[in-house]
Amino acid sequence: MSVELPAVRLSAAATLLAAGAVLLTSLAAPASEGVDAHALIEKNCTSCHGSEMYTREDRKIDSYTALETQVEACNTNLDAGMFPEEVEAVAQRLNKEYYKFDQ
């Protein structure tokens with residue numbers, strides 16, 4: 001059994017699929033876009049321990065994944081209240097300024 005759809009319905013379906021593709025593309029932008037990571041770092045990180053944690057030779061963070069994990073651990077343990085996109089933005093900013101790990 002074969003079903004034939006009118007051309008109008010196919011055109012509408014194609015339009016909806018194209019609109020969905022555009023929406024998905026716009027959602028692919030980094031979630032951390034628009035987050036003031038610098039302010040979050042000053043409020044939640046360097047206000048306690050300064051930037052020496054990031055510049056010392058014997059630092060414990062050795063990968064970008066470890067950096068993200070540490071930022072989330074600090075967020076949770078200190079009840080900083082950062083949203084996931086803020087945690088991501090902080091990790092990205094710390095990596096850009098201090099760690100320079102490949103992502």
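Here the structure is a predicted model, which is why all the values come from computation and not from measurement.
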With rounding to the nearest 0.5 angstrom, report the NZ to SG distance, K43 to C48. 11.5 Å

What's the separation between atom CG in L94 and atom NZ in K100, rounded to the nearest 0.5 Å? 11.0 Å

Using side-chain hydrogen bond (donor to acceptor under 3.5 Å, both in side chains) as the criterion, list what pairs up with Y64, not counting sequence neighbours. Q103

Heavy atoms, side chains only, cut-off 4.5 Å: are V90 and N44 in contact? no

Shortest non-hydrogen separation from A37 to A89 and the atoms involved: CB-O, 3.5 Å

Got a sec, which residues hit side-chain hydrogen bond (donor to acceptor under 3.5 Å, both in side chains) with E42, two or more places apart in sequence or on another chain? H38

Write out all pairs satisfying salt bridge (Lys or Arg N to Asp or Glu O under 4.0 Å) with one or both partners inside residues 51-68, taking only residues at least two apart or from two chains. R56-D58

Please report the shortest heavy-atom distance between F101 and I61, naming the atom on each side. CZ-O, 3.6 Å

Output for pair (S47 OG, I41 CD1), nearest 0.5 Å, gives 11.5 Å

Spacing of OG1 belonging to T69 relative to CD belonging to E72, to within rounding of 0.5 Å: 8.5 Å

Which residues share a side-chain contact (heavy atoms from CB on, under 4.5 Å) with E97, sequence neighbours left out: R93

Residues in side-chain contact (heavy atoms from CB on, under 4.5 Å) with S63, at least two apart? T65, A66

Taking the side chain as every heavy atom from C-beta outward, state whether M82 and V71 have any pair of such atoms under 4.5 Å apart. yes

Can you give me the closest heavy-atom contact between E86 and V35, atom names plus distance? CG-CG1, 3.8 Å

Among residues two or more places apart or on two chains, list those pairs meeting ring pair (Phe, Tyr, Trp, His ring centres under 6.0 Å) that have a residue in residues 78-98. Y54-Y98

